[in-house]
Enquirer: 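Dropping the structure in here first, questions after.
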Amino acid sequence: MLSTLMSDTPEHEGPASEHEGPTSDQREGSGYDFHEIQERWLPVWDERAPFRSGLPGDDRPKKYILDMFPYPSGDLHMGHAEAYALGDVISRYWVQRGFNVMHPIGWDAFGLPAENAAIKRGENPMRWTYENIAQQKSSMRRYACSFDWDRVLNTCDPEYYRWNQWFFLQMFERGLAYRKASNVNWCPNCQTVLANEQVVAGQCERCDTLVTKKKLTQWYLRITDYADRLLNDMSQLEGQWPEKVLLMQRNWIGRSTGAEVQFAIEGRDQPVTVYTTRPDTLFGATFFVVAADSDLAAELAADSPAHAEFTSYLEQVKQVSEMDRLDSSRAKSGVFLQRYAINPVNGERIPVWASDYVLADYGTGAIMAVPAHDQRDLDFARAFNLPIQVVVDAGEDPAVTGIATADDGPHVNSGPLDGMAKAEAIEAMLAVLAERGTGQPSVNYRLRDWLISRQRYWGTPIPIIHCPTCGEVPVPLDQLPVELPPADGLDLKPKGASPLGAAVEWASVACPKCGAAATRDPDTMDTFVDSSWYYLRYVDPRDDTRAFDPAKVREWLPVDQYVGGVTHAILHLLYSRFFTKVLYDMGLVDFTEPFTRLLNQGMVVMSGSAMSKSRGNVVRLSDELAVHGVDAIRLTMVFAGPPEDDVDWADVSPAGSRKFLARAWRLSGDVTSAPDADRSTGDLALRKATHRAVHDAAQAVESFRFNVAIARAMELVNATRKAIDTGCGPADPAVREAAEAVAIMLSLVAPYTAEDMWARLGHEPCVALAGWPAVDPALLVEESVICAVQVGGKVRDRLEVAPTISEEDLRELALASASVSAALEGRGIKVVIVRPPKLVNIVPE
RNA sequence: GUCCGAGUGGCGGAAUGGCAGACGCGCUAGCUUGAGGUGCUAGUUCCCUUUACGGGGAAUGGGGGUUCAAGUCCCCCCUCGGACACCA
């Protein structure tokens, strides 16, 4: 069957547009018809499934290449086309290198986009989601991604989210999942809470609505327990992940070191603790501020004459949007609570204020204000005419300049600290505090616990039952999964409470402990829970006895290469790293970092800006594929530049890509030697070009310089064309060797063209499994190289020399050059730098 | 404001401190063609010089430095992009 197809794959079988009758070979380029080639090979690949991984008896070494899985919100777009083309080059390369590559795909199928779209169209989110998945799956198949289609998973399948629930309960048991009441980020439009990570510049990352605060009792995962490990384990990722991502993670975790200091408050039994990174400036603390929205502020204001003023201020604070609150240029506001704190080092009475510039949920929600050396404190002091005490002499007087001095300098007005520099003063102050029992060193993080409750339908139900007597009761493991009730009949419109609560039959259950009437937790989980461990599930997505088999995970993980957008630099990657560490502690995995190497591809933009409907600059992938074909689009994406850079579709040429593919493809039709021709007898120059190209392309691919790898393939195509037309001729075995090498190189990026070339060269499918050509080191050695001879750094002559030429010989040769003597103009020679075989630099006096 | 990146032809981009501009797009000329959104050949950083072959000089945002040698390393400045942004 296939051999028949192959053997009569003639170049005359072109499209209708092609001329009839006899014409010269030079016309044959138009015989390249990507439509026909795509239709021919897709079914063959379906049948042969060349990318199944981990089959029994497969003893190739294992490699795990992972693309970030897509949201099924519509068909694939240009961004997908770029990301998956890049991941595919890497995956296909390692397959060619003889690895048993697991390259899976799945769908991140729960979440707000799907649900909102479903509401808008009055549809069922499940049906809508699965339809999109089917659409994307079919597009990906046509796009010829080297996925192992036996490992597909959808996070919205109960077989998958069951294990979300299982993980949640494991964490609940370990105290890592807990419920607490606090002021949470609330999106009034989505009508749901948001994690800190989902608030971007004070706005909802989904709909850009201004985020407000709301006091709610919600489920959290205790990621802060892992803050130090999330930070320290990044040493494993240095050099493997983009430096930028590591930096963003570091900043997000935001570890700071300082001290906790206890301040007595007049009229209060217990002292109040503050956190400061500058305990050395304690003598400069001239007032004390508590977060206006903290419990402490309310308590201190309760029996104060300032009570009424405070209450109205608090109301005012609550009105301020998150957006405005984050504006650091906003004028400081606050209320004097008519209370006093006592500075523990000098006994000074300092006024206590409430303000919204102090955050209730960072540190202790209260600060000692040192206006001379903290800009925010200074702004506040100037606004309310509070005293400013300089304790570090850094030149300018902040009270005059309005600029707080945070620099190092000798301490003044600081008793025993006087004259000390910052580091020394911090040490000394910590000793003083320790001695008096009023403070100790402390570490704080910007990172907060991960809020995972969502008041929406399309997600994983939280497997907890609320019992009036037993409290929070986990759903027994044998009752998992807690499946979502059908959406039909439920009002999914956001209204502040989860739609699941309205599914009365579903929500009403007997308490597993006492049997009394109880209700299910109506919230669903943040979908980042789903994506925090999906890479583990791929080892066996159909395992219905556990989330994953630890033995199989040991075989495949950690992921060797992860490919995805930088948009997930914080959220998804941080959460996944956290999950992995928890699983490590549970003894289920034997590694602490899930993704060994990370590649962040850029975006596809149009004329300098992101594609958007409002801009009207959206390029449709399906249109591009129809005009240029899958291979040309993939090639264009990969050849455009370094993978991390954005691809501007206005700057690239898919038509040029197609022309190159046709040119390469034509080589395969010109070869007249037999498939078993003895390559070693071929034209030496072309053979050298082939082996050089194969060698350099491999190096380029391994260092993510895919555009360079393609340039090497283009050079080889050009050299082969020349050899056929004006060199050794089409019958030379070197031409066959070169054409085959081109086919294999192209198989990474243009699989249809490569497969067709392979067939025309007389081989069985699949070219993807042909194996990367072995490079003969002898053929990488040049017989001669051009040596540049410089005089005073300027090239004055070029010599053809043996690559093995000695330093002495080369020096002699260079000095003998007529051009050199001319350039020297009679000057003497100061020094001669000889770097055989490529360069000599003669420096005149 | 703070912290990161990045600036190379008309364009996308190449270049272990060692001949800047690989490869491609675009453009120009020629050939092929009934025709060209085809194919092939040649050319294409800028300036000066030469009838021509050729020759010379300048050039990797700007300025300094290290070096025999700098797009690459160091310092200052400019521009653009990104991330974070009251985190005490």
Side-chain angles (χ1 to χ4, degrees), chain A residues 17-19 23-30 32 200-202 242-245 247-248 250-252 254-256 258 274-278 281 289 325-330 332 355-359 361-370 373-377 379-380 444-448 566 569-570 635-636 639-642 644-648 650-660 662-663 666 696 700 705 707-715 717-718 721 725-726 786-798 830-835 838-844:
Chain A
S17 67
E18 221 215 322
H19 58 277
T23 30
S24 73
D25 287 341
Q26 293 185 322
R27 300 298 306 283
E28 125 188 271
S30 51
Y32 175 75
V200 179
E243 196 49 47
K244 184 182 164 187
V245 173
L247 187 71
M248 283 167 75
R250 240 175 240 122
N251 290 342
W252 190 262
R255 185 179 199 269
S256 82
V274 303
Y275 172 73
T276 176
T277 54
R278 294 294 302 276
T281 61
V289 189
R325 205 188 63 77
L326 286 174
D327 179 5
S328 48
S329 64
R330 193 168 60 103
K332 293 280 182 288
S355 173
D356 64 351
Y357 88 90
V358 171
L359 308 178
D361 59 352
Y362 182 79
T364 60
I367 63 155
M368 61 178 217
V370 184
H373 308 297
D374 181 286
Q375 191 60 47
R376 298 152 297 179
D377 295 346
D379 293 345
F380 194 84
N444 251 284
Y445 301 91
R446 218 184 76 109
L447 183 70
R448 309 295 152 81
V566 73
I570 298 176
L635 177 65
T636 302
F639 185 57
E644 309 79 25
D645 291 0
D646 288 351
V647 176
D648 193 328
D651 289 338
V652 296
S653 172
S657 300
R658 201 180 66 226
K659 264 164 63 177
F660 163 70
R663 196 170 142 81
R666 265 186 294 120
D696 289 0
R705 284 148 50 235
N707 54 332
V708 177
I710 290 168
R712 296 292 96 86
M714 288 172 166
E715 284 168 349
V717 168
N718 293 342
R721 182 80 263 155
D725 291 348
T726 59
I786 302 297
C787 174
V789 182
Q790 302 176 332
V791 175
K794 291 195 163 75
V795 180
R796 297 301 181 186
D797 200 5
R798 290 170 218 277
K830 196 164 151 195
V831 63
V832 180
I833 309 284
V834 186
R835 289 287 121 82
K838 299 278 269 250
L839 186 124
V840 177
N841 189 11
I842 298 162
V843 186

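Here is the naming used below: chain letters follow the sequence lines, and residue numbers restart at 1 for every chain.
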Enquirer: Grab the N/O contacts between the protein and nucleotides 22-24 of chain B below 3.5 Å, and write none if there aren't any.
Expert:
residue: B:A22; atom: O2'; partner: A:Glu715; partner atom: OE2; Å: 2.8
residue: B:G24; atom: OP1; partner: A:Asn718; partner atom: ND2; Å: 3.0

Enquirer: In whole angstrom, what separates A:Arg250's CZ from B:G5's P?
Expert: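 Atom CZ in A:Arg250 sits about 12 Å away from atom P in B:G5.
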Enquirer: Can you list the residues that meet the salt bridge (Lys or Arg N to Asp or Glu O under 4.0 Å) rule with A:Arg796, with sequence neighbours excluded?
Expert: none
Enquirer: Using nucleotides 64-71 of chain B, report all nitrogen or oxygen pairs with the protein that are shorter than 3.5 Å.
Expert:
residue: B:C68; atom: O2'; partner: A:Asn841; partner atom: ND2; Å: 3.2
residue: B:C68; atom: O2; partner: A:Asn841; partner atom: ND2; Å: 2.9

Enquirer: Could you measure between the two C1' atoms, the one in B:G17 and the one in B:C74, and give it in whole Å?
Expert: 13 Å
Enquirer: Could you pull out the closest heavy-atom pair between A:Asn707 and A:Pro642, with the gap in Å?
Expert: ND2-N, 3.9 Å
Enquirer: Can you check side-chain contact (heavy atoms from CB on, under 4.5 Å) on A:Arg278 and A:Val370, steps first, answer last?
Expert: CA-CA 9 Å; A:Arg278 294 294 302 276; A:Val370 184; over 6 Å; no
Enquirer: Classify every nucleotide of nucleotides 43-48 of chain B by which part a protein heavy atom approaches to under 4.0 Å, writing B for the base, S for the sugar-phosphate alone and - for neither, in 5'-to-3' order.
Expert: ------
Enquirer: Suppose you measure atom C1' in B:C25 against the same atom in B:C76; what distance do you get, rounded to whole Å?
Expert: 38 Å
Enquirer: For a quick test of reading the model, state the closest non-hydrogen atom pair linking A:Phe660 to A:Met714 and the distance between them.
Expert: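 Heavy-atom minimum between the residues: CE1-CG, 3.4 Å.
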Enquirer: With RNA chain B as reference, determine whether A:Asp646 or A:Thr276 sits nearer its 5' end, using the nearest nucleotide of each.
Expert: A:Asp646
Enquirer: When we call it a touch if two heavy atoms are under 4.0 Å apart, what does A:Lys244 touch: a base, just sugar-phosphate, or nothing?
Expert: sugar-phosphate
Enquirer: Sticking with atom P, work out how far B:U38 lies from B:A29, rounded to a whole angstrom.
Expert: 16 Å
Enquirer: Can you tell me, in whole Å, how much space there is between the P of B:U72 and that of B:A59?
Expert: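 Nearest-Å result for B:U72 against B:A59 at atom P: 13 Å.
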Enquirer: When the P atoms of B:G43 and B:A22 are compared, how many Å lie between them, rounded to an integer?
Expert: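 Roughly 13 Å separates the two P atoms.
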Enquirer: Identify whether any heavy atom of A:Ser256 sits under 4.0 Å from a base atom; if not, whether one sits that close to sugar-phosphate; answer base, sugar-phosphate or nothing.
Expert: sugar-phosphate
Enquirer: Using the C1' atom in both, what is the distance from B:U60 to B:G55, to the nearest Å?
Expert: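 Rounded to whole Å, the distance is 25 Å.
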Enquirer: Please name all residues satisfying side-chain contact (heavy atoms from CB on, under 4.5 Å) with A:Asn841, sequence neighbours left out, ordered by chain then number.
Expert: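 A:Asn841: side-chain contact (heavy atoms from CB on, under 4.5 Å) contacts with A:Gln790, A:Ile833, A:Leu839, A:Val843.
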Enquirer: Specify the closest pair of heavy atoms between A:Gly258 and A:Tyr275, including all atoms of both residues, with the distance to one decimal.
Expert: N-OH, 3.4 Å
Enquirer: Under the salt bridge (Lys or Arg N to Asp or Glu O under 4.0 Å) test, which residues partner A:Asp725, sequence neighbours left out?
Expert: A:Arg721
Enquirer: Side-chain N or O of A:Arg446 versus OP1/OP2 of B:A85: is the shortest distance under 4.0 Å?
Expert: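 Answer is yes, contact under 4.0 Å.
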Enquirer: Whole angstrom is fine here: how far is it from CG in A:Asp361 over to P in B:A88?
Expert: 13 Å
Enquirer: Could you give the distance separating B:U8 and B:G13 at their P atoms, to the nearest angstrom?
Expert: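 Rounded to whole Å, the distance is 9 Å.
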Enquirer: Would you give the length of the straight line joining atom CG of A:Asp356 to atom NZ of A:Lys332, rounded to the nearest 0.5 angstrom?
Expert: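 The CG atom of A:Asp356 sits 8.5 Å away from the NZ atom of A:Lys332.
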Enquirer: Specify the closest pair of heavy atoms between A:Val358 and A:Gly365, including all atoms of both residues, with the distance to one decimal.
Expert: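 The answer is CG1-O, 3.6 Å.
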Enquirer: I would like to know whether A:Met368 and A:Thr281 meet side-chain contact (heavy atoms from CB on, under 4.5 Å); could you show each step before the answer?
Expert: CA-CA 10 Å; A:Met368 61 178 217; A:Thr281 61; 3.8 Å; yes
Enquirer: Taking syn as within 90° of 0 and anti otherwise, name the glycosidic form of B:G26.
Expert: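 Anti.
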Enquirer: How long is the line joining CD1 of A:Ile842 and C1' of B:G18, in whole Å?
Expert: 14 Å
Enquirer: For RNA chain B, produce a single dot-bracket line, 5' to 3'. Pairs: Watson-Crick or G-U wobble, both distances under 3.5 Å. Symbols: ( ) within strand, [ ] crossing, | other strand, . unpaired.
Expert: (((((((..(((.....[....)))((((((.......))))))(((((....)))))..(((((..]....))))))))))))....
Enquirer: Go through B:A88, B:A14, B:C3 for me and flag the one nearest to the A:Asp374 side chain.
Expert: B:A88
Enquirer: Whole angstroms only, please: what is the CG-P distance between A:Leu359 and B:C86?
Expert: 7 Å
Enquirer: Starting at atom NZ of A:Lys332, determine the distance to atom P of B:A88, rounded to an integer number of angstrom.
Expert: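 Interatomic distance, NZ of A:Lys332 to P of B:A88: 14 Å.
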Enquirer: What interatomic distance, in whole Å, is found between P of B:C48 and the corresponding atom of B:U66?
Expert: 34 Å
Enquirer: Taking ring-ring contact (aromatic ring centres under 6.0 Å, His included) as the definition, give me every residue that meets it alongside A:Phe380, ordered by chain and number, with sequence neighbours left out.
Expert: A:Phe287, A:Trp353, A:Tyr357, A:Phe384
Enquirer: As an exercise, state the distance from OG1 of A:Thr636 to CG of A:Asp651, rounded to the nearest 0.5 Å.
Expert: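 Here the rounded value is 12.5 Å.
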Enquirer: Just how far, in rounded Å, is C1' of B:A85 from CH2 of A:Trp252?
Expert: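 To the nearest whole Å, that distance equals 11 Å.
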Enquirer: Is there a side-chain contact between A:Ile367 and A:Asp377, using heavy atoms and a 4.5 Å cut-off?
Expert: yes
Enquirer: Please report the interatomic distance CH2(A:Trp252) to CZ(A:Arg446), rounded to the nearest 0.5 Å.
Expert: 5.0 Å
Enquirer: I'd like to check the salt bridge (Lys or Arg N to Asp or Glu O under 4.0 Å) partners of A:Arg255; sequence neighbours left out, ordered by chain and number.
Expert: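 A:Asp228.
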Enquirer: Choose from B:A88, B:G13, B:G26 the nucleotide whose nearest atom is closest to any side-chain atom of A:Lys659.
Expert: B:G26
Enquirer: Can you pull every protein N or O that's under 3.5 Å from an N or O on nucleotides 55-61 of chain B?
Expert:
residue: B:G57; atom: OP1; partner: A:Arg796; partner atom: NH2; Å: 3.1
residue: B:G57; atom: OP2; partner: A:Arg796; partner atom: NH1; Å: 3.3

Enquirer: Please list, chain by chain and in numerical order, all residues satisfying salt bridge (Lys or Arg N to Asp or Glu O under 4.0 Å) with A:Asp696, sequence neighbours excluded.
Expert: A:Arg692
Enquirer: With sequence neighbours left out, what residues match A:Asn718 under side chain to side chain donor-acceptor pair (under 3.5 Å)?
Expert: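 Side chain to side chain donor-acceptor pair (under 3.5 Å) list for A:Asn718, sorted by chain: A:Arg663.
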Enquirer: How many whole angstroms separate atom CG of A:Asp648 from atom C1' of B:A6?
Expert: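 In whole Å, B:A6 C1' lies 16 Å from A:Asp648 CG.
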Enquirer: Output the rounded distance in Å from CZ (A:Phe660) to P (B:G39).
Expert: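 Distance check: A:Phe660 CZ to B:G39 P gives 13 Å.
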